[in-house]
2 protein chains.
Amino acid sequence: MSLSCATCPVRDRAACAILDEAERDELAKAGRTRVLKKGETLFSAGMSEAACATLKSGALKITSTDIDGRERILSLVHPAGFVGEMFGPYMRHDVVALGESELCVFSGPAFAEATERYPRLAQALLRRTQEDLYASRELLALTGNASAEQRVAGALLSMARAASDSPCHPAREFDLPLSRGELADMLGLTIETVSRMFTRFEREGAIKRMGKRGIELVDPALLPLS
Amino acid sequence: MSLSCATCPVRDRAACAILDEAERDELAKAGRTRVLKKGETLFSAGMSEAACATLKSGALKITSTDIDGRERILSLVHPAGFVGEMFGPYMRHDVVALGESELCVFSGPAFAEATERYPRLAQALLRRTQEDLYASRELLALTGNASAEQRVAGALLSMARAASDSPCHPAREFDLPLSRGELADMLGLTIETVSRMFTRFEREGAIKRMGKRGIELVDPALLPLS
DNA sequence: CGAACCTTTGATCCATGTCAAGCGTGGTGG
DNA sequence: CCACCACGCTTGACATGGATCAAAGGTTCG
């Protein structure tokens with residue numbers, strides 16, 4: 001199935017946005033759209049065929065599973081984000097939909113070829129990959145030394161920022177994209193500890209829980225930052 | 001000072017290796033060499049001028065310091081590696097020499113311009129940045145759920161691999177590039193815990209300590225991997 | 001209405017942090 | 001050449017934050 005870039009919701013934010021219309025249509029021939037339901041897997045670690053994708057709507061998680069079967073969330077992917085492997089011979093991590101998601105999927109070699117044909121595309125991907133690298137290092141810093149309290153507080157603020165349209169100010173009310181268990185996997189904690197921190201923050205008046213996923217940031221200054 | 005690529009020790013492994021001689025000489029005009037002694041700082045977080053560099057010899061650490069002054073090592077940089085910021089307006093992290101190191105330094109805008117002039121350079125950097133991203137995620141997975149024992153074991157093996165010339169097999173004898181304290185900062189542990197793990201591994205016959213930094217991998221199979 | 005699932009809360013335990021001493025080595029000055 | 005000191009490493013004793021185990025709400029969906 002071919003792609004209809006004209007109606008793409010991330011038409012002017014995704015990596016391919018730097019291409020002009022003709023180039024984009026040409027690239028679109030190499031890709032296909034795919035819709036994932038919550039919990040469905042896009043790529044599995046070890047898959048021997050390289051592939052990559054741009055996320056049009058929804059959200060993904062990139063995870064690895066260690067020997068004892070525990071899952072670790074390495075990164076979240078938001079709309080306009082890019083995931084996958086263009087060069088390597090196999091996929092390094094699992095990529096799973098957090099909610100219903102829509103993507104443009106490309107084979108690795110096809111997309112790698114496109115970066116040769118359209119140099120600006122390579123540069124745009126380079127920028128984006130560097131951003132991913134900084135995000136990964138930020139998570140590393142957060143989960144490195146910080147206490148459970150600081151980790152949960154940091155994650156809350158980071159998600160409030162991601163949920164806000166203005167990139168600087170955090171949203172006051174928003175829905176968590178992750179369950180307690182997923183949050184725990186991302187922060188290297190347990191479900192119980194995450195839950196206790198939510199309770200503590202609410203008791204101290206920093207936040208208010210609205211249903212399972214809803215959060216109202218009552219007083220961000222009360223959150224113990226690292 | 002202009003660069004002499006002809007004698008560069010990483011001439012055929014660094015990002016600029018994909019350029020031909022004329023292109024490389026042209027790029028060299030925009031850069032300058034710099035030598036750092038152990039502990040000297042290359043970039044400081046917050047520096048408002050973007051800059052980047054290729055490491056010719058030695059080793060660097062990329063770190064961030066949290067509010068209570070504790071340092072966290074986010075990544076190590078080995079020869080032929082690339083560090084810094086090409087696009088962003090400021091440096092995100094500190095970069096410090098672990099030992100005497102030699103580099104080619106470029107201003108961010110100058111290098112960004114080079115990626116436009118030489119599309120293959122952008123692609124080479126993209127590959128390299130993706131590798132850095134995977135390394136960062138690997139560290140994230142290692143420090144996420146694993147026990148202190150598993151973290152130290154993982155770090156040992158990873159360094160044995162980095163010290164070996166053949167990329168697959170770990171070196172049997174090598175010197176740690178990091179002090180105990182730096183290892184602790186990288187793994188999110190304390191000096192004491194790292195030291196205890198070394199003692200434990202040696203008692204169990206997995207390794208042998210040779211001086212402060214030297215390690216002999218006696219029986220890697222005894223190391224408790226995650 | 002009931003079942004499955006997620007979340008919260010409580011009680012207990014243990015790995016790792018913290019505090020405090022010793023130890024070895026290398027450098028410096030007398 | 002020795003005495004001393006500074007620094008990084010090791011080792012021990014103890015404290016504690018978060019994991020684990022267990023059970024009781026809440027919510028959602030058939």
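Numbered from 1 within each chain, the chains take letters A, B, ... in sequence-line order.
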Per-nt protein contacts along nucleotides 5-12 of chain C (heavy atom under 4.0 Å; B base, S backbone sugar-phosphate only, - none) come out as -SSBBBB-
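The nearest whole Å value for the distance from the CG atom in A:Asp185 to the P atom in D:dA19 is 12 Å. Separating the CG atom of A:Asp68 from the P atom of D:dT20 is a distance of 10 Å, rounded to the nearest angstrom. The nearest whole Å value for the distance from the NZ atom in B:Lys38 to the P atom in D:dC7 is 13 Å. Spacing between atom CD of B:Glu182 and atom C1' of D:dG8 amounts to 11 Å, rounded to whole angstrom units. Distance CD (B:Glu202) to C1' (D:dC9): 13 Å, rounded to an integer number of Å. To the nearest angstrom, C1' of D:dG17 lies 13 Å from CD of A:Gln150. Distance CZ (B:Arg203) to C1' (D:dT11): 11 Å, rounded to an integer number of Å. Taking atom CZ on B:Arg200 and atom C1' on C:dT16, their separation rounds to 11 Å, with Å as the unit.
In this structure, A:Arg180 is positioned above the aromatic face of A:Phe198, its NZ or CZ under 6.0 Å from the six-membered ring centre and within 45° of the axis. Cation-pi geometry between B:Arg92 and B:Tyr90 is met: under 6.0 angstrom from the ring centre, within 45 degrees of the axis.
A donor-acceptor pair shorter than 3.5 Å can be found between the side chains of A:Thr193 and A:Thr190.
Taking the six-membered ring for Trp and the full ring otherwise, B:Phe111 and B:Phe87 have centroids separated by 6.0 Å or more.
Of the candidates C:dT16, D:dG18, C:dG17, the closest approach to any side-chain atom of A:Ala148 belongs to D:dG18.
For the pair A:Glu100 and A:Lys38, the salt-bridge criterion is not met [side-chain N within less than 4.0 Å of a carboxylate O]. Using a cut-off of 4.0 Å between Lys/Arg side-chain N and Asp/Glu carboxylate O, B:Arg209 and B:Glu202 are scored as salt-bridged.
B:Gly211 comes within 4.0 angstrom of no nucleic acid atom, judged by non-hydrogen atoms across all strands.
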